[in-house]
Student: 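Let me give you the structure first, and then I'll get to my questions.
Quick note: numbers below take in every heavy atom, side chains included, and nothing from hydrogens, waters or symmetry partners.
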Amino acid sequence: MAYNYQTNSSKDRRLDLKDIAAQLQTDGLLSKENADNLIIPARSHKPSDLHPLVIIANQGLTSVKPPHRPLDLETLTAWLAEKVRLPYFHIDPLKIDVTAVTGVVKYSYADRNQVLPVSVAPDKVVIATAEPYVREWQQELAHIIRKDISLVVANPADISRYLVEFYSLARSVKQASGEVEQNQLGGISNLEQLVELSRAGKLDANDQHVVTIVDWLLQYAFDQRASDIHLEPRRDQGNIRFRIDGTLHLVYQLPAPIMAAVTSRLKILGRMDVAEKRRPQDGRVKTKTPDSTEIELRLSTMPTAFGEKLVMRIFDPEVLVKGLRELGLSDEDTRRWQSMVTQPHGIVLVTGPTGSGKTTTLYSTLKQLARPEVNVCTIEDPIEMIEDGFNQMQVQHNIDMDFAAGVRNLLRQDPDIIMVGEIRDKETAEMAVQASLTGHLVLSTLHTNDAPSAMTRLLDIGVPPFLINATVLGIVAQRLVRMLCPHCKQQGQLDDEHWQALVQPWKPRKPNAVYLPEGCLECRNTGYYGRAGIYEVLTLTPGLKALIRPDVDVAAIRKQALKDGMKTLRISGAQKVMAGLTTVEEVYKVAPAQEDF
């Protein structure tokens, strides 16, 4: 039964801490002792300035009623929504049209009543509130906007936060648009101004409103755990998309001139040539996350039909301190990998498509190998992450400093370990082989679908079979799979046919139960939280070396590698399915099927 906090009064009334604490006690969520003690900190912190739910959530209490869940702000908000018989709403910025909701009512009005529009339809507006019994504003606003108003209950802290963020962003976009229109109406005196106007809308990249938009964009991306930010120009407006756990989400749309100014602002921060818009460029930005963690972004631009497309790759500095187990390697694969990278000389290759985590694996390994007595040198295009323990050099094509020339130069720098960003051609492969033969450990990447295919790739490039046998220590293929959210995953059943297709040619027992995605606030209702690697580790055994010849048979190499202990990508994924970390569907998405067992 709904609890009415104002049964004896028809006048609007804000929620009262004492009344809420009493009702939580009645519902068996709060003990009498905790309910009584809530008043003490509330008085000392001016409860009129804080929402009662915030005060209770800040106590760090757990529910008296099993299963004894923490009484955090979201739990208390959901409880309140149920008590007042209104829908509970979690504010997810990725699913809200900021331009539309901020156009419903002015900021001053929304702030005064602590309400936030969250959805706009032709005949209805959904408005979030944390004070469900303050309704005086509702009739007044409905009369002004001439639409029905539907109330939902949302987290009071989120309402306060997104009120500022949404309206600040909308204000900056509006004012920046106004400046563009003003400049356009100001007249054009010559052809030079016309060209400049058409390129950038006469909006300065250092304009305060543009700076505000860029600051919001970066902080928002960090808050949403984005790995990449895409700024994509279109005819009339540009799209901003975030890649979160491997999936792209549309976040915001900006007018085309403002998108151009935002791109220019980011190019300035990345020390790129702002005037050059006809050729791709690379840059780098160092900034801080909301919790003051220093973080790097790698910028890349590309000319398109409607302007420059810019992608920012966000590098998490915590990746470098992660061990191989944390990256996803099993104990057995870790031992095989360590046996390769601790050799004094030879070549170790990591293969996989773009974005499969190859560089992360190599950086984490080099971080462990980089001791004071070891000289670690890298040649990259571009340098992914700056690391104090390495000597890093970037490819410079304009001065003929490619991978091959870089390796040639590094060999004169007395290195112990060399990392080559990618082996793309015969010359680079030959230099890597030469470095290995002269007593250096070489780590590099190669683009192939699996580990055995790397042999044919090296032969296609032009590396003779006898040099492959003499230098290559092993090959690792990898992919990234989304991990199930630990807060909401649910047990489910697994189809026999799907399991057998996943684990062939092995026949492990099907697990009694597997976990499936459910969706909660922690994972933004996707059911997945974060990603980890699945790996295929091939070591070059005598049996494999005998098969490497000009007319090499990949199927034969794969069969021999399996005999020698290699586990396929799908088997690695199956192990994570059995451990309840991911799903069969996720493994199917990223791991290629092997038809030739």
Side-chain angles (χ1 to χ4, degrees), residues 1-9 11-93 110-116 118 127-138 151-165 223 290-291 485-488 520-525:
M1 182 176 182
Y3 181 74
N4 192 337
Y5 295 103
Q6 48 177 16
T7 49
N8 298 322
S9 172
K11 188 178 179 181
D12 281 1
R13 177 188 172 197
R14 293 191 175 276
L15 299 176
D16 179 75
L17 176 64
K18 188 174 181 181
D19 288 346
I20 290 183
Q23 185 59 28
L24 284 168
Q25 184 182 344
T26 301
D27 288 358
L29 300 177
L30 206 62
S31 66
K32 185 179 187 304
E33 180 184 0
N34 286 334
D36 292 340
N37 290 337
L38 283 175
I39 307 301
I40 299 172
R43 282 176 179 166
S44 63
H45 287 87
K46 296 182 181 179
S48 59
D49 297 337
L50 286 174
H51 193 282
L53 297 186
V54 174
I55 296 173
I56 297 172
N58 287 342
Q59 308 298 311
L61 303 172
T62 56
S63 171
V64 176
K65 185 188 297 184
H68 308 295
R69 289 178 178 153
L71 292 176
D72 56 27
L73 199 49
E74 289 294 345
T75 301
L76 291 169
T77 305
W79 168 84
L80 174 64
E82 184 180 354
K83 301 306 290 183
V84 300
R85 294 178 178 173
L86 285 174
Y88 162 74
F89 186 88
H90 172 68
I91 301 175
D92 184 351
D111 183 51
R112 184 168 64 251
N113 294 286
Q114 279 296 291
V115 296
L116 178 66
V118 292
I127 295 182
T129 180
E131 293 287 353
Y133 286 110
V134 176
R135 300 283 187 93
E136 188 176 354
W137 58 269
Q138 187 176 351
L151 279 186
V152 294
V153 176
N155 180 327
D158 281 353
I159 290 176
S160 298
R161 172 189 173 182
Y162 292 119
L163 257 176
V164 175
E165 288 191 13
D223 183 55
D291 60 1
C485 174
H487 302 93
C488 65
C520 68
L521 298 180
E522 294 292 334
C523 61
R524 298 174 178 83
N525 290 313

Student: Using side chain to side chain contact (heavy atoms under 4.5 Å, CB included), reason through Leu61 and Leu30 one step at a time and then give a plain yes or no.
Tutor: CA-CA 8 Å; Leu61 303 172; Leu30 206 62; 3.6 Å; yes
Student: Mind checking what makes salt bridge (charged side-chain N to carboxylate O under 4.0 Å, His left out) contact with Glu131, not counting sequence neighbours?
Tutor: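 With sequence neighbours excluded, Glu131 shows a salt bridge (charged side-chain N to carboxylate O under 4.0 Å, His left out) to Arg14, given in chain and number order.
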Student: Keeping the roles fixed (side chain from Asp27, backbone from Leu29), state whether a donor-acceptor pair exists under 3.5 Å.
Tutor: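 Checking the backbone N and O of Leu29 against the side chain of Asp27, no donor-acceptor pair under 3.5 Å is found.
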Student: Distance check, rounded to the nearest 0.5 Å: Ile159 atom CD1 versus Phe89 atom CZ?
Tutor: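 It is 10.0 Å, given to the nearest 0.5 Å.
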Student: Hey, what do you get for CG (Leu24) to CG (Asn34), rounding to the nearest 0.5 Å?
Tutor: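 Leu24 atom CG to Asn34 atom CG measures 10.5 Å (nearest 0.5 Å).
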Student: When you measure from the side chain of Thr75 to the backbone of Leu71, do you find a donor-acceptor pair of N or O atoms at a distance under 3.5 Å?
Tutor: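 It does not hold such a pair.
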Student: If I compare all heavy atoms of Leu76 with all of Ala57, which pair ends up nearest, and what's the gap?
Tutor: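 For Leu76 versus Ala57, the nearest heavy atoms are CD1-N, 3.8 Å.
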Student: Answer with yes or no whether the side chains of Asp19 and Gln23 bring together a donor and an acceptor at under 3.5 Å.
Tutor: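 No.
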Student: Among His90, Glu74, His51, Arg161, whose side-chain hydrogen bond (donor to acceptor under 3.5 Å, both in side chains) with Asn155 holds?
Tutor: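 Filter result, single survivor: Glu74.
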Student: Answer yes or no: is there a side-chain heavy-atom contact under 4.5 Å between Val152 and Leu86?
Tutor: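 Contact flag for Val152/Leu86 side chains = no.
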Student: Got a second to check how far Asp111's CG is from Leu116's CG, nearest 0.5 Å?
Tutor: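 It comes to 11.0 Å.
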Student: If you look at every heavy atom in Gly28 and Ser63, which pair is closest and at what distance?
Tutor: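 Closest approach of Gly28 to Ser63: O-OG, 4.3 Å.
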Student: Which value, rounded to the nearest 0.5 Å, describes the distance between Gln114 atom CD and Leu163 atom CG?
Tutor: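 Between atom CD of Gln114 and atom CG of Leu163 there are 5.5 Å.
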Student: For Glu522, enumerate each residue passing the salt bridge (charged side-chain N to carboxylate O under 4.0 Å, His left out) test, keeping only those at least two apart in sequence or located in another chain.
Tutor: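 With sequence neighbours excluded, Glu522 shows a salt bridge (charged side-chain N to carboxylate O under 4.0 Å, His left out) to no residue whatsoever.
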Student: Of the non-hydrogen atoms in Pro52 and Asp16, which two are nearest, and what is the gap between them?
Tutor: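 Reported closest heavy-atom pair: CG-C, 4.2 Å.
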Student: Has Glu82 got a side-chain atom pairing as donor or acceptor with Ala78's backbone, closer than 3.5 angstrom?
Tutor: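 Absent.
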Student: Tell me the closest heavy-atom pair linking Ile55 and Gln59, and the distance in Å.
Tutor: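 Answer, listing the atom of Ile55 first, then Gln59: O-NE2, 3.0 Å.
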Student: Between the main-chain N or O of Cys520 and the side-chain N or O of His487, is there a donor-acceptor pair closer than 3.5 Å?
Tutor: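 Checking the backbone N and O of Cys520 against the side chain of His487, no donor-acceptor pair under 3.5 Å is found.
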Student: From Lys83 NZ over to Leu15 CG, what is the distance, rounded to the nearest 0.5 angstrom?
Tutor: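 Between atom NZ of Lys83 and atom CG of Leu15 there are 13.0 Å.
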Student: If I compare all heavy atoms of Pro156 with all of Val54, which pair ends up nearest, and what's the gap?
Tutor: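 In this case the closest contact between Pro156 and Val54 is CG-CG2, 3.9 Å.
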Student: Counting only heavy atoms not in Arg69, do more than 12 fall under 6.0 Å of its CZ?
Tutor: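 Atom CZ in Arg69 is not crowded, with 12 or fewer foreign heavy atoms closer than 6.0 Å.
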Student: Could you tell me which residues satisfy ring-ring contact (aromatic ring centres under 6.0 Å, His included) with Tyr162, sequence neighbours excluded, listed by chain and number?
Tutor: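 Here the qualifying residues are Phe166.
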Student: About how many Å separate CD of Gln25 and CD1 of Ile20, when rounded to the nearest 0.5 Å?
Tutor: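 Atom-to-atom, Ile20:CD1 and Gln25:CD are 14.0 Å apart.
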